[in-house]
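Just below is one structure, and these are the notes that go with it.
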Amino acid sequence: MKPRISLFAEQEREDRRAKLGDPLVGLAEHVNFEALAERIDTVAPRPSRAKGGRPPYPTVLMIKILVLQQLYNLADDALEYQLLDRRSFLRFLDLTESSSIPDAKTIWLFCDRLAQAGVDDQVFEQVQQQLLSQGYLARCGQIVDASLVQPPTQRNKREEAETVKQGAMPLDWKPHKPIQKDVDAKWTKKHGKNHFGYKLHASVDKRYKLIRKLAVTHAAVADTAVFEQLLDPGNTSRDVYADRGYPSIEREIKLEQAGWRVHIQRRGHAIKGISEAQKRRNRRIATPRARVEHVFGALAQMGGKLVRCMGIVGASFALHLKAASYNLKRLALLKERGLAPF
């Protein structure tokens with residue numbers, strides 16, 4: 001069949017896209033990006049123009065670009081190309097008639113400025129406020145879990161790696177070398193395999209599968225070390241779910257004394273396994289606990305298993321922004337599906 005030529009081809013394609021549904025339309029409708037930009041400008045004011053130069057792009061535009069980057073897992077150069085090529089991105093950014101599109105360097109500089117200003121918590125908390133303002137309170141309990149995150153691959157010699165482990169810098173490194181090396185990431189072992197990088201620890205509410213609390217550490221930090229700080233007292237239920245990586249009799253006693261209802265799976269040992277009753281208990285916990293795996297699976301699809309930056313500061317900002325972007329996407333989905341808060 002020969003392609004049909006039409007004077008209205010662009011409009012016809014637009015109509016077909018509208019029928020299929022553009023997820024960015026719901027995002028633009030239900031998310032208050034102006035409030036997010038206002039919070040960022042408060043914590044990290046825009047550069048002064050006292051010395052002249054080209055005025056910076058509006059913060060609301062740049063934060064929307066960063067959300068697109070997180071949702072579609074794009075590097076800076078790839079993002080610049082997509083901004084020039086993809087009409088759905090331009091409509092979302094209100095740039096369909098504009099020839100002024102931020103380039104990769106501008107995007108990197110904006111992201112780095114926010115990371116160095118430490119606005120990661122502010123961005124995530126502002127998104128939480130938007131969730132609460134639209135009625136999506138944390139409900140039905142919370143599920144705590146963690147996931148390993150890989151930074152750019154390091155090519156250090158054995159002697160250099162040992163020196164970095166001790167918190168020092170190799171003597172033969174030139175001044176610019178530490179910038180190209182991630183000296184904050186650490187090694188850990190999981191399921192018999194060695195992993196290098198960071199950990200994203202998160203608490204997800206059982207009802208809406210929204211991330212309510214999170215922490216970013218290097219990979220060597222045990223999951224249990226940040227368990228208490230992830231607990232969300234704002235959840236309407238006192239139920240807490242976790243897998244076999246979190247069991248501790250002392251912790252469970254303290255949590256129960258504090259009013260929490262603890263549902264942590266039991267773990268067997270090489271000499272003595274778990275009883276049949278404990279196996280049944282683990283199976284009962286597995287179903288509600290599995291909801292957190294859906295969240296980490298969605299983050300993995302968005303590139304949440306790796307970061308493209310060096311150092312704990314950049315990794316923390318990238319992962320907080322990734323979690324905030326997931327929450328915004330989830331909010332738009334809940335709205336579009338008519339899952340009203342109750």
Side-chain angles (χ1 to χ4, degrees), residues 62 65-83 102-121 123-124 146-202 214-221 223 226 296-326:
M62 296 305 297
I65 288 175
L66 291 189
V67 169
L68 285 175
Q69 184 176 40
Q70 297 303 319
L71 292 178
Y72 293 92
N73 189 25
L74 297 169
D76 294 335
D77 291 329
L79 178 59
E80 179 185 356
Y81 179 84
Q82 294 296 336
L83 292 177
D103 59 15
K105 183 67 173 180
T106 301
I107 296 168
W108 182 87
L109 287 172
F110 178 77
C111 186
D112 185 65
R113 179 170 69 85
L114 297 190
Q116 297 304 320
V119 304
D120 41 4
D121 287 330
V123 171
F124 186 76
S147 178
L148 291 167
V149 180
Q150 180 183 346
T153 303
Q154 306 292 291
R155 303 295 182 187
N156 294 331
K157 298 177 182 177
R158 187 183 298 274
E159 298 79 10
E160 293 176 337
E162 290 298 328
T163 304
V164 170
K165 261 186 202 179
Q166 297 169 9
M169 295 292 172
L171 295 176
D172 58 343
W173 277 11
K174 296 181 180 179
H176 69 276
K177 195 69 175 283
I179 302 175
Q180 303 169 359
K181 298 290 185 178
D182 196 328
V183 296
D184 297 324
K186 303 295 182 186
W187 286 96
T188 190
K189 182 170 284 190
K190 183 177 182 181
H191 303 313
K193 295 183 179 180
N194 292 322
H195 299 270
F196 179 78
Y198 299 96
K199 268 186 186 177
L200 172 62
H201 310 261
L214 79 159
V216 178
T217 66
H218 60 72
V221 172
D223 296 353
V226 295
F296 278 105
L299 288 174
Q301 290 180 335
M302 293 164 54
K305 298 293 287 185
L306 59 88
V307 289
R308 294 186 173 92
C309 51
M310 300 284 189
I312 187 69
V313 173
S316 179
F317 175 74
L319 293 172
H320 275 80
L321 185 60
K322 182 77 71 178
S325 300
Y326 163 81

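Just so we're clear, the structure is a prediction, and the values are computed from it rather than from any experiment.
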> Who passes side-chain hydrogen bond (donor to acceptor under 3.5 Å, both in side chains) against Arg113, sequence neighbours left out?
Replying inline: none
> So which pairs with a foot in residues 190-200 pass side chain to side chain donor-acceptor pair (under 3.5 Å), sequence neighbours left out?
Replying inline: Asp182-Tyr198, Lys199-Asp223
>> Tell me every residue that passes side-chain hydrogen bond (donor to acceptor under 3.5 Å, both in side chains) with Thr106, counting only those two or more places apart in sequence or in another chain.
In response: Asp103
>> If the condition is ring-ring contact (aromatic ring centres under 6.0 Å, His included), which residues does Phe296 pass it with, not counting sequence neighbours?
In response: none
> Residues two or more places apart in sequence or in another chain: which of them pass side-chain hydrogen bond (donor to acceptor under 3.5 Å, both in side chains) with Asp121?
Replying inline: His320
> Which heavy atom in Leu148 sits nearest to a heavy atom in Ala219, and how many Å separate them?
Replying inline: CD2-CB, 3.9 Å
> Residues in side chain to side chain contact (heavy atoms under 4.5 Å, CB included) with Gln301, at least two apart?
Replying inline: none
>> Can you list everything that forms a side-chain hydrogen bond (donor to acceptor under 3.5 Å, both in side chains) with His201? Sequence neighbours excluded, please.
In response: Thr217
> So do the side chains of Ser147 and Leu299 get within less than 4.5 Å of each other, counting heavy atoms only?
Replying inline: no
> In chain order, what residues pass the side chain to side chain contact (heavy atoms under 4.5 Å, CB included) check against Ala300, with sequence neighbours excluded?
Replying inline: Lys305
> Which heavy atom in Gly197 sits nearest to a heavy atom in Pro151, and how many Å separate them?
Replying inline: CA-CD, 3.3 Å
>> With heavy-atom distances below 4.5 Å as the criterion, would you say the side chains of Tyr326 and Met302 are in contact?
In response: yes
> What are the two closest non-hydrogen atoms of Val307 and Ala318, and how far apart are they?
Replying inline: CG1-CB, 4.2 Å
>> Applying ring-ring contact (aromatic ring centres under 6.0 Å, His included), can you list everything that pairs with Tyr81, at least two apart in sequence or on another chain?
In response: none
> Going by the side chain to side chain donor-acceptor pair (under 3.5 Å) test, which pairs reach into residues 306-315, not counting sequence neighbours?
Replying inline: Asn73-Arg308
> Do you know the tightest heavy-atom contact between Ile107 and Gln69?
Replying inline: CG2-OE1, 4.3 Å
> If you look at every heavy atom in Val123 and Ala324, which pair is closest and at what distance?
Replying inline: CG1-CB, 4.2 Å
> OH of Tyr72 to OG of Ser325: how many Å apart, nearest 0.5 Å?
Replying inline: 11.5 Å
>> Which heavy atom of Cys111 sits nearest to which heavy atom of Leu66, and what is that distance?
In response: CB-CD2, 4.3 Å
> Can you name the residues that form a side chain to side chain contact (heavy atoms under 4.5 Å, CB included) with Ala220, not counting sequence neighbours?
Replying inline: Lys186, His218
> Can Val149 and Val216 be said to form a side chain to side chain contact (heavy atoms under 4.5 Å, CB included), step by step?
Replying inline: CA-CA 10 Å; Val149 180; Val216 178; over 6 Å; no
>> I'd like to check the side chain to side chain contact (heavy atoms under 4.5 Å, CB included) partners of Ala104; sequence neighbours left out, ordered by chain and number.
In response: Asp76, Asp77, Glu80
> From Leu74 CG over to Leu68 CG, what is the distance, rounded to the nearest 0.5 angstrom?
Replying inline: 8.5 Å
